[in-house]
Amino acid sequence: MKIGTIASHSALNIVSGAKAEGFDTVLYCQPKRREFYESFGLGKSIVEVESFDEILDLDTEDVIMIPHGSFVAYIGADKILKSDLNLYGNKELLKWEEDRELKSRLMKESGLRVPKEFDSADDIDTPVIVKTYGAAGGEGYFIAKDKEEAISKMDPDEKYGIQQYVVGTKVFVTYFNSLSKERIEVFGADIRYETDADANLRFDEKPSFVVIGNLPLVLRESTLVRYFNMGKNFVRGFEKLNGETIPGPFCIETIIDREQNIYTFEFSGRIVAGTNIWIPHSPYSYLQFGEKMWMGKRIARELKELIEDDALEDALLPK
Ligand code: AMP
Ligand code: AMP
């Protein structure tokens with residue numbers, strides 16, 4: 001089997017890791033990005049596509065596809081769920097990520113503390129962040145200090161998700177659930193930097209939360225223990241609700257407030273771009289493996305072990 005992905009988001013991470021583990025690789029790349037990926041020595045892996053959703057029509061039977069943030073952004077969750085791509089991970093999780101109700105159910109079932117949610121603007125009793133339904137990437141959000149301000153900013157014809165606004169530090173922790181080693185590894189942490197919510201000076205009340213990039217973070221070790229347990233509980237929570245596990249990388253997206261409460265507002269059941277920071281290794285992956293081990297390589301190592309054990313199918317869910 002080959003390892004493949006689409007040329008965007010964390011493709012350098014994934015493809016370089018697969019090559020390091022001796023896999024043949026495929027990088028589905030648009031012509032405008034070919035020169036960029038060639039400059040990293042990945043020319044031989046490139047299969048040109050005009051648009052990423054063309055991969056749905058190609059013969060990819062011998063490719064283990066590693067999904068990342070651009071799959072949903074450029075192909076769409078619906079098409080991915082219906083496709084017969086050999087996707088590493090559990091694609092059912094896409095549904096839980098997309099649907100605000102399923103999402104909260106999973107986070108609560110996993111024992112995670114979540115920001116308070118308001119079904120109606122009349123119940124608002126804290127500062128809030130108001131998320132337009134279907135909005136992605138932090139666009140179309142606004143914040144309000146109280147009920148009156150929120151109501152004055154809301155369009156009565158629009159559907160919103162209203163959440164307590166948690167003041168604190170945005171902490172994204174990535175994990176790796178290894179079926180082969182039967183363990184959950186905490187892989188690394190980062191801070192997502194967003195314009196212009198993270199700008200020092202801003203003069204409007206409608207900051208944009210569009211991601212610029214990620215900053216490395218090493219947590220207090222006592223805090224890391226808490227995250228380790230959250231990761232384990234998250235996988236257990238999903239298994240309880242869904243019946244199947246989450247193979248491979250996943251991320252829990254949180255805000256830590258001044259009392260050190262950890263609020264989870266989001267998760268991703270796949271590699272996240274924050275792991276790009278940790279090439280060639282994170283502090284924790286170095287301690288676990290005693291060698292350079294970035295997320296792309298970690299994925300390939302796992303797949304190699306599963307193939308050797310004839311257990312690859314367990315990691316391409318649902319069955
Ligand atoms: P791009 O190829 O930069 O357009 O990104 C593709 C998708 O991945 C978009 O939905 C982005 O919002 C998301 N994305 C890219 N980089 C990051 C990041 N560092 N953190 C979170 N999401 C990201
Ligand atoms: P989301 O689309 O839910 O991933 O949120 C995008 C960004 O909005 C996050 O990265 C945070 O900066 C911010 N955000 C989301 N939910 C909250 C919350 N409950 N409190 C404070 N900030 C939030």
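Starting from 1, each residue takes its place in the sequence as its number. Just so you know, ligand 1 is whichever comes first in the structure, and atom 1 is the first atom listed for that ligand. Quick note: numbers below take in every heavy atom, side chains included, and nothing from hydrogens, waters or symmetry partners.
Relative orientation of the Tyr286 and His281 rings is tilted, given thresholds of 30° and 60° on the angle between their planes. Under the 30°/60° scheme for interplanar angles, the aromatic rings of Phe142 and Tyr160 are found to stand perpendicular.
Put simply, the side chain of Ser8 reaches to within 4.5 Å of the side chain of Phe52, judged on heavy atoms. No side-chain heavy atom of Asn214 sits under 4.5 Å from any side-chain heavy atom of Tyr193. With a 4.5 Å cut-off on side-chain heavy atoms, Val15 and Thr5 count as touching.
Looking at Tyr193, Tyr141, Phe172, it is Tyr141 that brings a heavy atom closest to atom 2 (O) of ligand 2. Atom 9 (C) of ligand 2 has its nearest heavy-atom neighbour, among Phe267, Tyr263, Phe265, in Phe265. For atom 20 (N) of ligand 1, the nearest non-hydrogen atom from the set Val211, Ile277, Ile212 comes from Val211.
Using a 4.0 Å cut-off between charged side-chain N and carboxylate O, Glu185 and Arg298 make a salt bridge. The pair Asp53-Lys79 meets the salt-bridge criterion, since a charged nitrogen lies less than 4.0 angstrom from a carboxylate oxygen.
Neither the backbone nor the side chain of Asn276 comes within 4.0 Å of ligand 1, counting heavy atoms alone. Residue-level proximity to ligand 2 for Ile255 is carried by the side chain, the only part with a heavy atom below 4.0 angstrom. For Tyr165, heavy-atom contacts with ligand 2 shorter than 4.0 Å involve the backbone as well as the side chain.
Using a 4.0 Å cut-off to heavy atoms of Pro115, the atoms of ligand 2 that qualify are 19 (N). For ligand 2, the atoms sitting less than 4.0 Å from at least one non-hydrogen atom of Lys170 are 10 (O), 11 (C), 12 (O), numbered in the order shown with element in parentheses. Residue Gln164 has at least one heavy-atom neighbour below 4.0 Å for each of these atoms of ligand 2: 18 (C), 19 (N), 20 (N). When each atom of ligand 1 is checked for a heavy atom of Asn214 under 4.0 Å away, the hits are 18 (C), 19 (N).
With Phe172 as the aromatic partner, Arg192 does not meet the cation-pi criteria of under 6.0 angstrom to the ring centre and within 45 degrees of the ring axis.
On a distance-only criterion, Val166 and ligand 2 share at least one N/O pair closer than 3.5 Å. Residue Glu194 has at least one N or O atom closer than 3.5 Å to an N or O atom of ligand 2.
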